[in-house]
Structure formats: C-alpha cells, structure tokens
Amino acid sequence: MSLHQHDRRLVLYPAYLDAGSTVAQGRVLAKAEACPHPDVMEMYEACRYLGLQTQVEDKHYPRAWWTRGRLRVKLCDTAGDPVIASIPNKRTLLQKVSAHIKAMPVRKKPPQYIPPPPGAEPGPAVSTATKPTVPSSGGNKKKNRGGKK
C-alpha cells in the first residue's frame, strides 16, 4: 500500500452538461444531449437517482470560475469494476445525468404569468407610436462635395 492514496472518484462540473456552452468552454456532450444551464444540485439529485455515491464540493471549474460547485462520483469499486453495469464510463454517466435533468418536473413547467393583485394601480403608459421612417440616402457613401461628377 502506498503512502498517498489516489482519489479514484470522477469529477463532474456543470459546464460538462451545459447546452449553452461551447466545447472550448467545457461542454463534453453534443448539444442535443446536453441540457440548458444545469445546476450542481440537479446533477447531485440525478446521480443519487441512478444509485451512485456522490459528494458535492465547493470548487470552481477553471474555465468558468464564476460557477460554483462540482460533484465527486464513485463510478468504479476498488477492483476497477463499474458499480452499476449500465454505466461503464464517464460519457455514459454524463448522458444519463443530462437525460434525467431534462426529465425533471421542475424543468418541464412553462413559466407562468402572475396577474397583478386586484386594486393595484396600472404602471406608466408606454407609447407605441414610432417615428415615421425616412428612406436612407445610403450609409457610408462618399458625399458629393462639388468636385468631379
């Protein structure tokens, strides 16, 4: 046994699953498989639903340092065999987590309109009138300054 034990858990950042990110910004899955704006706690719930040992850490992804949180997921046991046979590698895990996040009931609800309370004063009137359009004389053309025609 060595003096330094290597942590064999996988590290998952929300940027790996973000459909709004590019590959250069850290997205690992295809846009069709990724989900928009995943949260660390949504990822945590998805991993727990899949039956994996998961731990949330307060760390930042270097390419998106303003987003907090990452997951440590135990995918394989000490012998190197997958804990769950249907999830043999990191890509499969990311695909299943993303699919579960997309299927969450919170994500399926459309935003609702909340009407103002009865008796509330209406807001300031907004004018919908626009200026009449005047045909343009053509952007960046040089003006005729009395020179040659």
Side-chain angles (χ1 to χ4, degrees), residues 1-136 138-141:
M1 186 157 130
S2 67
L3 295 174
H4 302 287
Q5 288 293 338
H6 180 69
D7 192 0
R8 299 194 52 103
R9 296 177 296 171
L10 294 179
V11 176
L12 303 180
Y13 290 100
Y16 292 173
L17 303 175
D18 191 2
S21 298
T22 63
V23 173
Q25 292 169 338
R27 181 173 45 86
V28 176
L29 297 178
K31 279 191 178 186
E33 295 175 339
C35 57
H37 309 292
D39 186 38
V40 176
M41 294 313 294
E42 290 173 337
M43 292 171 61
Y44 175 76
E45 290 297 324
C47 287
R48 297 296 289 175
Y49 175 79
L50 293 171
L52 296 167
Q53 291 181 4
T54 308
Q55 179 184 1
V56 177
E57 294 180 342
D58 188 26
K59 298 287 185 177
H60 299 269
Y61 185 51
R63 294 184 197 175
W65 53 267
W66 53 90
T67 305
R68 296 178 72 132
R70 75 176 183 191
L71 287 184
R72 286 289 194 141
V73 180
K74 185 176 181 182
L75 188 62
C76 298
D77 58 8
T78 54
D81 299 324
V83 175
I84 299 174
S86 64
I87 307 175
N89 54 28
K90 188 174 185 174
R91 178 169 290 279
T92 308
L93 173 64
L94 290 172
Q95 290 169 344
K96 289 188 182 261
V97 168
S98 180
H100 185 72
I101 290 174
K102 285 181 185 179
M104 286 183 172
V106 176
R107 292 252 175 175
K108 289 186 174 183
K109 277 191 200 175
Q112 296 179 350
Y113 170 72
I114 301 173
E121 293 182 17
V126 178
S127 172
T128 57
T130 60
K131 292 182 180 179
T133 57
V134 178
S136 172
N140 294 328
K141 292 182 181 178

Distance-only donor-acceptor hits, side chain of residues 74-82, under 3.5 Å, sequence neighbours excluded:
unit_1 : atom_1 : unit_2 : atom_2 : d
D77    : OD1    : A79    : N      : 3.3
D77    : OD1    : G80    : N      : 3.2
D77    : OD1    : D81    : N      : 2.9

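- Heavy atoms of other residues, nucleotides or ligands lying less than 6.0 angstrom from NZ of K90 number more than 12.
- Residues meeting the side-chain hydrogen bond (donor to acceptor under 3.5 Å, both in side chains) test with Q55, sequence neighbours left out: R9.
- Considering every non-hydrogen atom in both K102 and A34, the closest pair reads CE-O, 2.9 Å.
- Judged purely by atom type and a 3.5 angstrom limit, K31 has no side-chain atom pairing as donor or acceptor with the backbone of T22.
- The minimum heavy-atom distance between P14 and P38, with the atom names listed, is O-CG, 3.2 Å.
- Summarising the geometry of G26 relative to Y61, their closest heavy-atom pair is CA-OH, 3.5 Å, with the distance given to 0.1 Å.
- Applying the side-chain hydrogen bond (donor to acceptor under 3.5 Å, both in side chains) test to residues at least two apart or on different chains, the pairs with a partner in residues 34-43 are E42-R107.
- Evaluation of the side-chain hydrogen bond (donor to acceptor under 3.5 Å, both in side chains) rule for R70 yields Y13, E57 as partners, not counting sequence neighbours.
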Compile the donor-acceptor pairs under 3.5 Å between side chains in residues 92-100 and protein atoms, sequence neighbours left out, one pair per line.
unit_1 : atom_1 : unit_2 : atom_2 : d
T92    : OG1    : N89    : OD1    : 2.6
Q95    : NE2    : E33    : OE2    : 3.4
S98    : OG     : E33    : O      : 2.5

Residues V28, R91; criterion side-chain contact (heavy atoms from CB on, under 4.5 Å); working and verdict: CA-CA 8 Å; V28 176; R91 178 169 290 279; 4.1 Å; yes

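- Every residue was checked against the side-chain hydrogen bond (donor to acceptor under 3.5 Å, both in side chains) condition with T67, not counting sequence neighbours, and none meets it.
- Around the CZ atom of R63, the shell of radius 6.0 Å holds more than 12 heavy atoms that belong to other residues, nucleotides or ligands.
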What side-chain donor-acceptor pairs closer than 3.5 Å can you find for residues 43-52, not counting sequence neighbours?
none

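- Between I101 and C35 the shortest heavy-atom distance is CG2-SG, 3.8 Å.
- With contacts defined as side-chain heavy-atom distances shorter than 4.5 Å, the pair V56/L71 qualifies.
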